[in-house]
2 protein chains.
Amino acid sequence: MARTGRPRAFDRDAALHTAMLVFWERGYATTSTTDLSAAMGINPPSLYAAFKNKEHLFREAVGLYERTEADASRRAMDEAPTARKAVAALLHESVDRFTTEGKPRGCMIVLAATNCTEDHASVRDFALRCRARTKTTIKARLDAAADAGDLDADTDTDRIAAFYTTFLNGLSLQARDGADRTQLHDLVDMAMFVWNAPNGPLVDSEA
Amino acid sequence: MARTGRPRAFDRDAALHTAMLVFWERGYATTSTTDLSAAMGINPPSLYAAFKNKEHLFREAVGLYERTEADASRRAMDEAPTARKAVAALLHESVDRFTTEGKPRGCMIVLAATNCTEDHASVRDFALRCRARTKTTIKARLDAAADAGDLDADTDTDRIAAFYTTFLNGLSLQARDGADRTQLHDLVDMAMFVWNAPNGPLVDSEA
DNA sequence: TTTCTTATGTAGAGGTTAGTACAGAAGTGG
DNA sequence: CCACTTCTGTACTAACCTCTACATAAGAAA
């Protein structure tokens with residue numbers, strides 16, 4: 001049914017996409033609603049009518065980010081034939097996403113709300129939950145591989161997921177700080193070497 | 001020579017230490033001078049007289065952080081007998097520093113100015129330079145080891161330094177997000193396995 | 001004591017923040 | 001045509017931001 005009343009004069013999806021880019025680039029706390037409405041090409045009342053407030057807009061922007069950017073990495077992981085290739089695909093795909101021309105560098109979820117203070121506690125906790133999902137997603141892929149016999153049944157998938165999540169977060173910061181795309185891919189190759197010793201306490205070859 | 005005029009009624013070093021903790025916890029942009037002067041127990045004019053302005057105070061706070069926290073990690077690295085043990089010592093020492101009770105978690109330099117916007121460009125660039133030094137410091141230790149014959153002369157020390165810097169940055173975020181200290185130490189052990197293949201392009205054992 | 005210097009507390013200037021009141025515009029339904 | 005609903009731009013509020021003017025306090029130097 002067609003809604004009554006004056007129709008919206010701007011494209012809500014396009015505006016949300018713009019807001020996502022601004023938050024991604026500048027972070028939650030350091031982006032003002034004035035910046036946002038200016039970038040989105042609308043006036044404050046339109047912003048608030050369409051997105052309720054700054055926090056809701058941010059949550060929607062993160063949702064869009066997950067449905068587009070983050071989900072592409074997850075898909076690359078799911079489509080890979082083996083657990084090892086899945087993790088490598090996730091990391092390499094992420095590197096490409098972190099260094100795409102015309103988009104902010106690094107991961108929005110990692111960078112946009114790291115130092116949210118107590119007065120934005122709900123935003124901070126929201127971002128925390130989003131970040132926690134990264135490890136969960138990797139672990140789920142590894143568990144599926146273990147079920148399929150692609151990994152030893154006694155593999156500590158949580159440990160591996162934690163390692164690559166940590167490394168992935170580091171890649172975000174390196175990308176934001178201007179690291180070269182090819183160098184980041186090379187670092188991913190290095191990180192994949194850990195795969196060769198996924199289980200048990202590692203032996204210090206020197207000690 | 002003793003300065004003339006009314007003496008300062010507060011301990012400048014203690015106030016700076018407090019400011020460091022506040023910036024470390026909350027970040028540069030999201031910490032207000034009101035928060036700072038309240039935490040330091042002084043009024044705004046005293047803050048500005050002693051530290052010039054917010055940016056100068058931040059720079060001094062980062063300097064203090066480097067002289068205390070960061071330098072302890074560097075010392076652990078320098079004192080280790082071999083290059084490999086040096087990197088391991090740096091990472092393990094950092095994990096301890098990132099998860100010390102009563103202090104903010106993670107690295108101040110990584111977390112306090114990640115999403116500084118264009119209007120704080122000088123602060124952002126300052127933090128960027130500080131972060132870049134981490135890799136330089138690791139590389140210097142590796143180069144020294146290469147000179148001493150502890151590493152092959154053709155070792156790509158820049159590449160190794162880049163990998164461990166990336167991983168170290170990831171540890172900061174994991175620590176800030178609440179990761180357990182023992183788990184982080186375990187992740188360091190995993191990362192050290194990369195050491196076994198430091199040179200040349202790594203062979204993908206599966207591809 | 002007087003003078004000079006520097007620190008202090010109060011109080012506020014000037015700008016920015018998130019969010020909104022309001023009048024009018026632009027549609028739909030009758 | 002008219003009511004009704006919803007969006008729009010202008011203009012604003014109240015709270016916050018960084019930073020400072022100013023009168024006074026507290027020490028050293030003379």
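Residue numbers start from 1 in every chain, and the chains themselves are labelled A, B, ... in the order their sequence lines are given, proteins ahead of strands. Quick caveat: nothing in here was measured; it's all calculated off a predicted structure. Atom set for the values below is all heavy atoms of this structure, side chains included, hydrogens, waters and symmetry mates excluded.
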- Ring center gap for Phe23(A) and Tyr65(A) short of 6.0 angstrom: no
- When the distance from CD1 of Ile42(B) to C1' of dC19(D) is rounded to whole Å, what number comes out? 14 Å
- Note on the structure: Asn53(B) CG to dC17(D) P, in whole Å, measures 17 Å
- Item | Residue pair Thr82(A), Asp150(A): steps toward the side chain to side chain donor-acceptor pair (under 3.5 Å) verdict | CA-CA 7 Å; Thr82(A) 66; Asp150(A) 173 37; 4.7 Å; no
- Task: Side chain of Pro44(A) only, please: which of dC19(D), dT20(C), dG27(C) is the nearest?
- Result: dT20(C)
- Item | Thr33(B) side-chain N/O to dT18(D) phosphate OP1/OP2 under 4.0 Å | yes
- Message: Does Arg6(A) contact dA25(C) through a side-chain donor or acceptor facing the base, at a distance under 3.5 Å?
- Response: yes
- Query: Which atom names give the shortest non-hydrogen contact between Leu151(A) and Thr157(A), and what distance separates them?
  - Reply: CD1-CG2, 4.5 Å
- Check every strand shown and say whether Phe51(A) touches a base, only sugar-phosphate, or nothing at a heavy-atom separation below 4.0 Å. nothing
- Query: Under 6.0 Å between the ring centres of Phe58(A) and Tyr28(A)?
  - Reply: yes
- Query: Which sits closer to the 5' end of DNA chain D, Pro7(A) or Lys54(B), going by the nucleotide each is nearest to?
  - Reply: Pro7(A)
- Query: OP1, OP2 of dA7(C) versus side-chain N and O of Ser46(B): anything below 4.0 Å?
  - Reply: no
- Message: Tell me the interatomic distance from Asp35(B), atom CG, to dA15(D), atom P, rounded to whole angstroms.
- Response: 18 Å
- So does Tyr48(A) get a side-chain nitrogen or oxygen closer than 4.0 Å to the phosphate oxygens (OP1/OP2) of dG19(C)? yes
- Message: Tell me whether the side-chain N/O atoms of Ser32(B) come closer than 4.0 Å to OP1 or OP2 in dC17(D).
- Response: yes
- Task: Return the value, rounded to whole Å, for the distance between atom CZ of Arg8(B) and atom P of dT8(C).
- Result: 7 Å
- Could you say whether Pro45(B) or Gly5(B) is positioned toward the 5' end of DNA chain D, judged by the nucleotide with the nearest heavy atom to each? Pro45(B)
- Item | Aromatic Phe10(A) / basic Arg8(A) pairing, under 6.0 angstrom, 45° off normal | yes
- Note on the structure: Arg12(A) CZ to dT8(D) P, in whole Å, measures 12 Å
- Atom NE2 of His56(A) and atom C1' of dG19(C): how far apart are they, to the nearest Å? 14 Å
- Query: So, is Asn43(B) near the phosphate of dG9(C), with a side-chain N or O under 4.0 Å from OP1 or OP2?
  - Reply: yes
- Nearest whole angstrom, please: distance from the C1' of dC16(D) to the CG of Leu36(B). 15 Å
- Query: What pair of heavy atoms forms the shortest contact from Val62(A) to Cys130(A), and how long is it?
  - Reply: CG1-SG, 3.9 Å
- Query: Which is true for Thr31(A) with a 4.0 Å heavy-atom rule: it touches a base, it touches only sugar-phosphate, or it touches nothing?
  - Reply: sugar-phosphate
- Verify the contact: side-chain N or O of Thr34(B) to OP1 or OP2 of dC17(D), cut-off strictly under 4.0 Å; return yes or no. yes
- Query: Rounded to the nearest Å, what distance is computed from the CG atom of residue Leu47(B) to the P atom of nucleotide dT18(D)?
  - Reply: 10 Å
- How would you label the contact of Ala9(B) with the nucleic acid (heavy atoms, under 4.0 Å): base, sugar-phosphate, or nothing? sugar-phosphate
